[in-house]
Amino acid sequence: MLTTIIYRSHLCHEVPVKALEGMVAAANIRNSNQNVTGILLFNGTHFFQLLEGPDENVRRIYSDIAKDKRHYNLVELLCDHGPTRRFGNVGMELFDLREHAREEVLQAVLSKGTSPYQLTYNDRALQFFRTFVESTEKGNYFEIPPADTWAFIPTEVTDSLGPYKASNAAEYTLALQPIIDPLAQEIIALEALIFTPQGEISDAYFDSLSGEEIYKVDLTSKKVAFEMVKDRNLHGKIVCINLLPMTLVKIPNAVDYLLDEIKLNGLVPEQVVVEFTEHEVVSGIEEFTRAVRALKSAGISVAIDNFGAGFAGLQLLAQFQPDRIKINAELIRDVHKSGPRQAIVQAIIGCCQSLEIVVSALGIEKAEEWMWLESAGISHFQGDLFARPYLEGVPAIAWPEKKGLL
Ligand SMILES: Cc1cc2nc3c(=O)[nH]c(=O)nc-3n(C[C@H](O)[C@H](O)[C@H](O)COP(=O)(O)O)c2cc1C
């Protein structure tokens with residue numbers, strides 16, 4: 001299989017530009033031996049490289065390049081496959097943009113083309129070259145500092161009330177995971193999550209139920225969530241609960257039930273956010289939209305959970321606009337290294353900005369993911385980097401502290 005990978009990266013400040021000559025000479029030999037072509041552009045600070053050749057060899061070389069300490073902020077822009085090579089002259093070729101006019105560089109790159117079909121700007125790879133040479137990508141290119149710029153220091157758990165005892169705790173228990181604004185050091189909301197007594201997340205518990213029972217338990221577990229919030233003295237906080245969309249459809253008085261329980265536990269509807277997962281929503285969109293209207297009329301906010309994980313996504317946004325969306329963890333995994341993920345997340349942010357929908361990102365595990373998303377304009381986060389779900393109340397939160405200021 002013929003594979004093409006394109007990435008961009010940043011030359012480390014302490015590496016002299018002169019050192020590139022030796023690196024290119026060595027890379028030329030290695031690439032030739034492995035039947036790989038590397039076209040490298042350099043503009044004085046950034047690299048842009050196309051690697052093309054047999055799949056295994058391209059991936060091996062790319063993996064070594066990614067570990068190279070002479071550059072950082074490496075972002076993969078394209079990984080594609082094709083029938084024929086664009087650049088047949090195996091080896092390594094460096095184009096220093098400071099020494100040539102823009103059009104010259106593009107022409108020089110095109111002249112290296114050996115595809116039986118003339119290389120044209122319709123080719124995605126060539127378009128990436130053009131964008132880099134004309135530096136029109138700058139607005140989307142965030143320079144994030146190294147991961148160890150920040151320390152994540154958990155605060156003490158202040159919750160001294162001991163384990164929460166739900167009346168039916170033998171069947172399931174609840175955990176709280178905060179959604180935070182890390183730079184403001186502020187808890188934005190607490191999400192109540194169902195866990196099995198063995199500590200497995202809700203899916204495992206719901207799998208053990210059948211038919212309509214699922215919807216009943218789904219709804220009544222929210223009563224336990226509100227009781228827990230009352231018990232933990234979290235009255236002033238925003239509380240996020242998860243509901244299966246069909247629970248609202250199958251249980252006719254579900255909204256009234258929620259409102260009664262909210263009141264009984266001394267909460268107000270305005271502090272409650274109901275989260276729905278988009279792939280479940282798609283099955284009954286009309287009934288669901290009606291039920292959402294009832295929730296909103298009562299003052300409860302609505303969020304789409306795991307946005308980007310299912311099929312409904314954009315169609316759902318066109319049909320009804322939630323107050324919040326939470327971007328799926330899979331989409332933001334290693335977002336700092338992936339051009340496609342960055343483009344998708346930026347599009348979601350842009351769309352939500354136009355619609356005044358608050359965006360938060362889920363499943364943050366790495367400091368770089370968080371830093372990239374902050375640069376892109378997100379300020380609400382949930383994930384193990386900051387706090388894991390905690391079975392007994394509000395967990396310790398690892399707020400980021402800039403090293404050197406500690
Ligand atoms: C911007 C940049 C581009 C590189 N391109 C290549 C390349 O095309 N082929 C290659 O073998 N090494 C390339 N290298 C060097 C590799 O990162 C690495 O040093 C080399 O594969 C030797 O790996 P080793 O030191 O682990 O043996 C590049 C390095 C940088 C910083």
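Remember, it's 1-based here, ligands and their atoms both numbered in the order they're listed. Every heavy atom of this structure was used, including side-chain atoms; hydrogens, water molecules and symmetry mates were not.
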Nearest protein heavy atom to [atom]: under 4.0 Å?
| atom | result |
| --- | --- |
| atom 5 (N) of ligand 1 | yes |
| atom 24 (P) of ligand 1 | no |
| atom 27 (O) of ligand 1 | no |

Next on the checklist: Side chains of Glu227 and Asn265 only: does a donor on one sit below 3.5 Å from an acceptor on the other?
Outcome noted: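 Glu227 vs Asn265: no donor-acceptor pair found between side chains.
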Region of [X] that comes within reach of ligand 1 [heavy atoms, distance under 4.0 Å]:
| X | answer |
| --- | --- |
| Asn31 | side chain |
| Leu51 | side chain |
| Phe42 | neither |
| Gln49 | side chain |

Around [atom], find the nearest protein heavy atom and jot down its residue, atom name and distance.
| atom | value |
| --- | --- |
| atom 21 (O) of ligand 1 | Arg30 NH1, 2.3 Å |
| atom 30 (C) of ligand 1 | Met23 CE, 3.6 Å |
| atom 15 (C) of ligand 1 | Asp68 OD2, 3.6 Å |

Please confirm whether [X] and [Y] have ring centers closer than 6.0 angstrom.
| X | Y | answer |
| --- | --- | --- |
| Phe42 | Phe95 | no |
| His71 | His10 | no |
| Phe320 | Phe288 | yes |

Item to check | Residue pairs fulfilling salt bridge (Lys or Arg N to Asp or Glu O under 4.0 Å) with at least one residue in residues 333-346, sequence neighbours excluded | outcome: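 Salt bridge (Lys or Arg N to Asp or Glu O under 4.0 Å) check on residues 333-346 returns Arg333-Glu365, Arg333-Glu369, Asp334-Lys366.
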Item to check | Crowding at CZ, Arg60 (>12 non-hydrogen neighbours, <6.0 Å) | outcome: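 Atom CZ in Arg60 is crowded, with more than 12 foreign heavy atoms closer than 6.0 Å.
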Item to check | Ala27 to ligand 1, any heavy atom closer than 4.0 Å | outcome: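 Flag set, Ala27 near ligand 1.
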Checklist entry - What are the atoms of ligand 1, with element, lying closer than 4.0 Å to any heavy atom of Arg70? => result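 It comes down to these atoms of ligand 1: 15 (C), 19 (O).
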Checklist entry - Using 30° and 60° as the class limits, which term best fits the ring planes of Phe381 and Trp370: parallel, tilted or perpendicular? => result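 The rings of Phe381 and Trp370 stand perpendicular, inter-plane angle above 60°.
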Checklist entry - Which of the listed options, Tyr7, Phe47, Tyr72, holds the heavy atom that is closest to atom 3 (C) of ligand 1? => result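 The residue whose heavy atom sits nearest atom 3 (C) of ligand 1 is Tyr7.
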Next on the checklist: Which residue is it: Phe128, Tyr62, Phe132, Phe47? I am looking for the one with a ring pair (Phe, Tyr, Trp, His ring centres under 6.0 Å) to Tyr7.
Outcome noted: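 So the option named by the test is Tyr62.
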Checklist entry - Under 4.0 Å between a Lys/Arg side-chain N and an Asp/Glu carboxylate O for Arg59 and Glu56? => result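 Between Glu56 and Arg59 there is no salt bridge, as every charged N stays at least 4.0 Å from the carboxylate O atoms.
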